[in-house]
Amino acid sequence: MTVRLRVAPSPTGDPHVGTAYMSLFNLAFVRQQGGQFVLRIEDTDRARFRADSEQQVFDMLSWLGLQWDEGPDKGGPFAPYRQSERLETYQPHVEKLLADGHAYYCWCTPERLQEMREDQQRRKVPTGYDRLCYGKTFEERAALPGCSDVPVVRMLIPDDPPLHFTDLIRGEVNAPMPDDQVILKADGFPTYHLAVVVDDHLMGITHVVRGEEWISSTPKHLLLFDWLGWERPAFAHMPLLRNVDKSKISKRKNPAARLTWFVEQGYLPEALLNFLGLLGYSLPSGEEIFTFSEMSESFDWTRVNTVGPVFDLDKLSWLNGHYIRELAEDDLAARLVPFLTEAGWYDGSAEHAALLAGSVPLIQTRMAVLSEVVDLLRFLFVADEDFVVDPVAVEKSLVGAVPVLTAAADALEPLTSWSTEAIQTAMDAALLDGLGLKRGKAYAPVRAAVCGSTIAPPLPESMALLGKDRVLRRLRGAPVL
RNA sequence: GUCCCCAUCGUCUAGCGGCCUAGGACUCCACCCUUUCAAGGUGGCUACGCGGGUUCGAAUCCCGUUGGGGGCACCA
């Protein structure tokens, strides 16, 4: 039997990093087993639905190279893959559960349920539906307070539900006693619990891989599989990604919870994927730098940790820097273009392309994320009238710097060949031999005047790229103190 | 509150009874290299939460405790 797994995000906003995390582990197993990976959109929550969210999910997973075999955009033998388009699929199963006595109607208003829970908390007993509606007709129920016109359908949880199951990652797991979960809402939409079971069965899902937060509702799902006479899939509950304070990773506390953030900051998809694979997991080889294929080949559920890892940006930055350094120069240049364009500096001309190509080797080891290119190459791409020397650099390097800058300018002015070598030779002759300065001391003011900062790519190379005119202008017009 | 899950350096992890005076990576610190900043090289700091067992022997097994997390929705 071929293995079929799925990821089932809800289109409720910016795609979540957890979706990518789950997809990675799903896919690592699927590709190893030669099975299929399904992308299903769980849009049963009308209130939180966001129209553009679905496309963003597609875009982000594609960006990461996590390709699904079936989905709303691709189609497949079990279409449709949006739950909102499958409403009629769920109905007969609800009716069967009702007919078999496994489910019942409930007319309780949200207000009544709210009061009931508050009362239960006060009395320090487990919260759960009190079955006021169970066994009653609408007329009987309507005589009591807190009754609405349109009912929901609830599961009738037996006294001995399956509270025990085998998890691929955790082994034997105990789950809590469920309460009478709503499976069909008043608006006619199924809740997650019903929809996920029906769809997983109908779509032939063999392994349910999801976050640890679902352990507590697994008994409900087990019950539904059993009641409907369906074979239970295997379960793997992944650890939850955490914020630095160890709470479940959230968009509120952590910018990295939004997948689009990584694109904006200039993380490479291969670095993020590698990093995600390092969270709660390690390769048998101990290797920390690996590709998806390498992870997939040796993938093993029992190697997944049960502890929720903190999403540590420091390590991701290092990894990203590593991958940036591994890139071919023209590849890196291409990936930098969007950031320079965004800054308004890059027009795609041959001149700009050449400038960028020349700078890549100078900055490749100096970036942790691609967006840093903006600061690194400001001196080179910024319009002349917008060029300013950082006040910190002025204070640190340009105090009494007129003699050095003048000597440098005078030595560079007559050059006929404007190459790195010629520039360095001329500068060294004028400043080291001429003024008797050490190289560090001599280059500092020149760097500040030309690059506008105490931190910059190697100086002669930078000057060569900038061009003679601009270098001389900056040297002679520097804001010397 | 209640139920469930979990517990090795600051962080990510290796470890699945003896190979552990606990290994690797990131971070941090020092040094080297060096025109700044990086990158690179070398070295260093830092952990088995606690208490009981079991065993010749425990980071590894059991119990308790403490701590953390998650669930308890007509959200997923």
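From a predicted model like this one, the values you see are computed outputs, not experimental measurements. Per chain, numbering begins at 1; letters A, B, ... match sequence-line order.
Here the side chain of A:Arg242 is nearest to one of B:A76, B:A14, B:G69, namely B:G69. The A:Glu461 side chain lies nearest to B:U35 when the options are B:U13, B:U35, B:G70. Proximity note for A:Pro176 (side chain, C-beta onward) versus B:C37, B:C3, B:U36: the nearest is B:C3. In the set B:G70, B:A14, B:C74, the nucleotide with an atom closest to the side chain of A:Leu240 is B:G70. Nearest nucleotide to the A:Gln424 side chain, out of B:G1, B:U35, B:A76: B:U35. Of the candidate nucleotides B:G71, B:A25, B:C74, B:C74 has the atom nearest to the side chain of A:Thr191. When each of B:G68, B:C74, B:U35 is scored by its nearest atom to the side-chain atoms of A:Tyr443, the top-ranked nucleotide is B:U35. Nearest nucleotide to the A:Asp314 side chain, out of B:U27, B:G15, B:A76: B:U27. You'll find that the side chain of A:Asn174 is closest to B:C5, out of B:C5, B:G1, B:U2. The A:Arg48 side chain lies nearest to B:A76 when the options are B:A76, B:G68, B:U35.
A:Ser217 comes within contact range of no nucleotide atom at all, as no heavy-atom separation falls under 4.0 Å. Using a 4.0 Å heavy-atom criterion, one finds that A:Arg123 contacts no nucleic acid atom at all. Contacts of A:Ser216 with the nucleic acid, taken as non-hydrogen atoms under 4.0 Å apart, involve only primed sugar atoms and P, OP1 or OP2. Residue A:Arg210 is classed as having no contact, given no heavy-atom separation below 4.0 Å to the nucleic acid. At the heavy-atom level, A:Arg46 lies nowhere under 4.0 Å from the strands shown.
Checked against the 6.0 Å centroid threshold, A:Trp318 and A:Tyr323 do not count as a close aromatic pair.
Nucleotide B:A73 holds its C1' atom 13 Å from the CD atom of A:Gln121, rounded to whole Å.
With both ends at atom P, the span from B:G49 to B:G43 equals 29 Å, rounded to whole Å. Taking the C1' atom of each, B:G70 and B:C62 are spaced 25 Å apart, rounded to whole Å. Nucleotides B:G44 and B:G24 place their C1' atoms 16 Å apart, quoted to the nearest Å. One P atom belongs to B:A59, the other to B:U2, and the distance between them is 34 Å to the nearest Å. Atom name C1', nucleotides B:C12 and B:U35: the rounded distance is 37 Å, in whole Å. On the C1' atoms, B:C3 is 37 Å away from B:C26, given to the nearest whole Å. B:G68 and B:C9 are spaced 15 Å apart, taking the P atom of each and rounding to whole Å. Across the C1' atoms, B:U60 and B:C75 are found 40 Å apart, a figure rounded to whole Å.
Relative ring orientation between A:Trp107 and A:Phe138 is described as tilted, the plane-to-plane angle lying within the 30° to 60° band. Using bins of under 30°, 30° to 60° and over 60° for the plane-to-plane angle, the ring pair A:Phe311/A:Phe262 lands in the tilted bin.
B:C72 is paired with B:G1 under the criterion used here, namely a Watson-Crick or G-U wobble arrangement in which both key atom distances are under 3.5 Å. Base pairing annotation: B:C16 forms no Watson-Crick or G-U wobble pair, as no partner gives both donor-acceptor distances under 3.5 Å. In this structure, B:U55 forms no base pair with any nucleotide, since neither Watson-Crick nor G-U wobble geometry is met with both distances under 3.5 Å. Across all strands shown, B:C50 pairs with B:G64; the Watson-Crick or G-U wobble distances both stay below 3.5 Å.
Both tests pass for A:Arg154 against the ring of A:Tyr129: distance under 6.0 Å to the centre and angle within 45° of the axis. Seen from the ring of A:Phe37, A:Arg6 does not count as a face-on cation partner, given the 6.0 Å and 45° thresholds.
Dashed line: the shortest gap from a side-chain N or O of A:Lys441 to OP1 or OP2 of B:U36 is not under 4.0 Å. At least one side-chain nitrogen or oxygen of A:Lys185 sits closer than 4.0 Å to the OP1 or OP2 atom of B:C75. Note on A:Thr306: every side-chain N or O is 4.0 Å or more away from OP1 and OP2 of B:C6. A sub-4.0 Å separation between OP1 or OP2 of B:A7 and a side-chain N or O of A:Lys246 is absent. Residue A:Arg439 has a polar side-chain atom (N or O) positioned under 4.0 Å from OP1 or OP2 of B:U35.
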I would like to know whether A:Arg303 and A:Asp300 meet salt bridge (charged side-chain N to carboxylate O under 4.0 Å, His left out); could you show each step before the answer? CA-CA 6 Å; A:Arg303 290 193 67 84; A:Asp300 178 359; over 6 Å; no

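At a cut-off of 3.5 angstrom, counting only N and O atoms as typed in the model, there is a donor on one side and an acceptor on the other between the side-chain of A:Glu288 and the base of B:G24. Judged by distance alone with a 3.5 Å cut-off, a donor-acceptor contact links the side chain of A:Thr365 to the base of B:A38.
A:Lys253 and A:Ser247 share a side-chain donor-acceptor pair at under 3.5 Å.
Looking only at side-chain heavy atoms (C-beta outward), A:Asn274 and A:Glu270 stay at 4.5 Å or farther from each other.
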